[in-house]
Amino acid sequence: MVAAADGNRAEKLGFTPGMVVQELGWDEDTDDDLRVDIEDRVGAEMLDEDSDEVIDVVVLWWRDDDGDLVDALMDAIGPLADDGYVWVFSPKTGTSGYVDPAEIAESAPTAGLTQTSVISLGDWSGSRLVQPKSRSAKRA
């Protein structure tokens, strides 16, 4: 697991200006500083679940009692661009609501995603999930 140093964590997470970011699972416990970092970095507010735009990155705040992660990931990838990806942010191991990292790693392939990295973000950890390259590389 890599730790994100101080500074703009959103930049370290791969967010770039102009990206369209959708946020799912927001609640009172989310990391507001990270949310501000992301919005400042992309230059816009994150969209909610009602958006009908094509999404570059989905930020999914996920806790142990939020339901079925595979279902949530399937819903999250619906509006994703071919090269889009999902950041699953969950409370760090040992804290209230934490999600076993194995659950994320096992849920990703079932939803058609691959986990590429895990990063520590203070009270939260992030798992980056990408779509297989073959999905966008297929020719008609």
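Below, all heavy atoms of this structure are taken into account, side chains as well, without hydrogens, waters or symmetry copies.
- Considering only heavy atoms from C-beta on, Val59 stays 4.5 Å or farther from Leu24 through its side chain.
- Looking at Thr16 and Val42, their side chains never come closer than 4.5 Å, going by heavy atoms from C-beta outward.
- Sequence neighbours left out, the pairs with a member in residues 27-63 that pass ring-ring contact (aromatic ring centres under 6.0 Å, His included) are Trp61-Phe89, Trp61-Trp124.
- For the pair Trp87 and Ile119, the minimum side-chain heavy-atom distance is below 4.5 Å.
- Note that OG1 of Thr30 is 11.5 Å distant from CG of Asp123, once rounded to the nearest 0.5 Å.
- Distance check: Glu11 CD to Arg41 CZ gives 4.0 Å after rounding to the nearest 0.5 Å.
- Rounding to the nearest 0.5 angstrom, the gap separating the CG atom in Asp40 from the CD atom in Glu45 is 11.0 Å.
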Which side-chain N or O atoms in residues 65-80 pair as donor and acceptor under 3.5 Å with protein atoms at least two apart or in another chain?
{"residue": "Asp66", "atom": "OD2", "partner": "Arg63", "partner atom": "N", "Å": "2.7"}
{"residue": "Asp66", "atom": "OD2", "partner": "Arg63", "partner atom": "NH1", "Å": "3.0"}
{"residue": "Asp68", "atom": "OD1", "partner": "Val70", "partner atom": "N", "Å": "2.9"}
{"residue": "Asp68", "atom": "OD1", "partner": "Asp71", "partner atom": "N", "Å": "2.9"}

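- Each side-chain hydrogen bond (donor to acceptor under 3.5 Å, both in side chains) pair with one or both residues in residues 97-110, not counting sequence neighbours, would appear here, but there are none.
- What you find for Leu13 and Tyr85 is that their closest heavy atoms are O-OH, 3.9 Å.
- In this structure the side chain of Pro109 never reaches within 4.5 angstrom of the side chain of Thr114, judged on heavy atoms.
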Is there a side-chain contact (heavy atoms from CB on, under 4.5 Å) between Met46 and Trp26 once you walk through the steps?
CA-CA 11 Å; Met46 290 188 276; Trp26 179 91; over 6 Å; no

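- When the salt bridge (charged side-chain N to carboxylate O under 4.0 Å, His left out) test is applied to Asp48, no partner is found at least two apart in sequence or on another chain.
- Closest of all the heavy-atom pairs between Gly112 and Pro132 is O-CD, 3.1 Å.
- Considering Leu47, Val58, Val57, Val54 in turn, Leu47 is the only one that fulfils the side-chain contact (heavy atoms from CB on, under 4.5 Å) rule with Val20.
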Would you sort out whether Ser125 and Ser120 count as a side-chain contact (heavy atoms from CB on, under 4.5 Å), showing the intermediate values?
CA-CA 4 Å; Ser125 63; Ser120 175; 5.5 Å; no

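- Residue pairs meeting the salt bridge (Lys or Arg N to Asp or Glu O under 4.0 Å) criterion with at least one member in residues 49-58, sequence neighbours excluded, do not occur.
- Rounding to the nearest 0.5 Å gives a distance of 10.0 Å between CD of Glu39 and CG of Leu34.
- Asp31 meets the salt bridge (charged side-chain N to carboxylate O under 4.0 Å, His left out) test with Arg9; sequence neighbours excluded.
- Within the model, atoms CG of Leu129 and CD of Gln115 stand 6.0 Å from one another, a figure rounded to the nearest 0.5 Å.
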